[in-house]
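The structure under discussion appears below in the form of structure tokens.
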Amino acid sequence: EVQLVESGGDLVQAGGSLRLSCAASGFTFDNYAIGWFRQAPGKEREGVSCISGSDSSTWYADSVKGRFTISRDNAKNTAYLQLNSLKPEDTAIYYCAARMGFCYYHVDEARYWGQGTQVTVSS
């Protein structure tokens, strides 16, 4: 069965860092773009970052550009999101998602979803 499992979320102070991971199984990981999305209470789920499965090109939302870094290790079937200089507005459940091919930016474009990991940033 297809699975995406996020981990690494935690409670941190503003300015702190976290490294989220997304462990994948049940599909050909190398061929899929992996996106990170987040959802705060009462708000729509939004795209944060993506790394392509074709050429490993990346995309970042303007709100996280320069602070977050996406990467992948195909040998481990795992994608990562390094979160630096965290702000309270980064507080959300972070989800990873997968879709064949190049990067995508919208929730409705994802094919597979993980269950999320909570990131909480205090002032």
Side-chain angles (χ1 to χ4, degrees):
E1 62 180 313
V2 170
Q3 284 194 309
L4 294 170
V5 181
E6 303 94 336
S7 61
D10 207 347
L11 170 64
V12 297
Q13 296 284 340
S17 297
L18 288 171
R19 185 175 178 84
L20 308 183
S21 65
C22 173
S25 61
F27 62 98
T28 305
F29 182 78
D30 299 20
N31 299 145
Y32 280 73
I34 303 297
W36 286 95
F37 298 79
R38 66 186 183 186
Q39 187 167 25
K43 293 187 170 59
E44 297 288 329
R45 193 171 299 187
E46 63 177 353
V48 175
S49 186
C50 184
I51 184 163
S52 175
S54 57
D55 61 0
S56 293
S57 59
T58 59
W59 169 85
Y60 298 93
D62 288 343
S63 60
V64 307
K65 200 168 296 180
R67 298 188 297 121
F68 293 6
T69 304
I70 193 168
S71 61
R72 66 192 296 156
D73 186 339
N74 288 340
K76 297 179 179 179
N77 284 5
T78 302
Y80 305 93
L81 188 67
Q82 179 69 42
L83 292 68
N84 295 328
S85 302
L86 282 162
K87 305 174 180 180
E89 54 262 43
D90 295 319
T91 295
I93 300 173
Y94 283 70
Y95 301 88
C96 66
R99 182 178 177 178
M100 176 75 74
F102 291 100
C103 268
Y104 54 100
Y105 317 102
H106 305 293
V107 168
D108 58 5
E109 295 180 279
R111 182 172 183 179
Y112 305 125
W113 288 93
Q115 294 301 308
T117 186
Q118 178 71 51
V119 172
T120 303
V121 185
S122 62
S123 301

| field | All side chain to side chain contact (heavy atoms under 4.5 Å, CB included) counterparts of A14, not counting sequence neighbours | value | P88, V121
| task | Kindly work out whether a path of hydrophobic side-chain contacts (I/L/V/M/F/W/Y, heavy atoms less than 4.5 Å apart) joins V5 to I34. | result | no
| task | Please list, chain by chain and in numerical order, all residues satisfying side-chain hydrogen bond (donor to acceptor under 3.5 Å, both in side chains) with D55, sequence neighbours excluded. | result | S52, S57
| Would you call K65 and D62 a salt bridge, using N to O less than 4.0 angstrom? | yes
| message | In this structure, would V119 and Y80 fall into the same cluster of hydrophobic residues linked by side-chain contacts under 4.5 Å? | response | no
| message | For residues 40-53, which residue pairs pass the salt bridge (charged side-chain N to carboxylate O under 4.0 Å, His left out) check, not counting sequence neighbours? | response | R38-E46
| More than 12 heavy atoms of other groups within 6.0 Å of Q115 CD | no
| remark: So salt bridge (charged side-chain N to carboxylate O under 4.0 Å, His left out) across residues 10-32, not counting sequence neighbours, yields none
| said: Under the rule for ring pair (Phe, Tyr, Trp, His ring centres under 6.0 Å), what residues qualify as partners of F102, not counting sequence neighbours? | reply: none
| query | Do W36 and Y32 sit in the same hydrophobic cluster, where Ile, Leu, Val, Met, Phe, Trp and Tyr count as joined when their side-chain heavy atoms come under 4.5 Å apart? | reply | yes
| Closest approach of F29 to D73 (non-hydrogen atoms, all atoms of both residues) | CE2-O, 4.2 Å
| Can you tell me how far the OG atom of S7 sits from the CG atom of L20, to the nearest 0.5 Å? | 8.0 Å
| request: Look up atom CG in L4 and atom OG in S25, then write down how far apart they are to the nearest 0.5 Å. | output: 7.5 Å
| task | Any chance you could measure Y60, atom OH, to R67, atom CZ, to the nearest 0.5 Å? | result | 12.0 Å
| query | Got a second to check how far Q82's CD is from S71's OG, nearest 0.5 Å? | reply | 8.0 Å
| query | Do any pairs count as a salt bridge (charged side-chain N to carboxylate O under 4.0 Å, His left out) and have a residue in residues 97-123, sequence neighbours left out, and if so which ones? | reply | R99-E109
| task | On the 0 to 90° scale, with breaks at 30° and 60°, tag the Y105-W59 ring pair as parallel, tilted or perpendicular. | result | perpendicular
| query | About how many Å separate SG of C103 and CD1 of I70, when rounded to the nearest 0.5 Å? | reply | 6.5 Å
| said: Donor-acceptor check, side chain of Y104 to backbone of A98, threshold 3.5 angstrom: yes or no? | reply: yes
| Out of curiosity, does L81 fall in the hydrophobic cluster containing F37 (side-chain heavy atoms, cut-off under 4.5 Å, transitive links)? | no
| Do V48 and W113 share a hydrophobic cluster, counting only Ile, Leu, Val, Met, Phe, Trp and Tyr and linking them when any side-chain heavy atoms are less than 4.5 Å apart? | no
| Atom of S56, atom of I51 and distance for their closest heavy-atom approach | O-CG1, 3.8 Å
| query | Taking atom OH of Y95 and atom CD of Q39, what is their separation to the nearest 0.5 Å? | reply | 5.0 Å
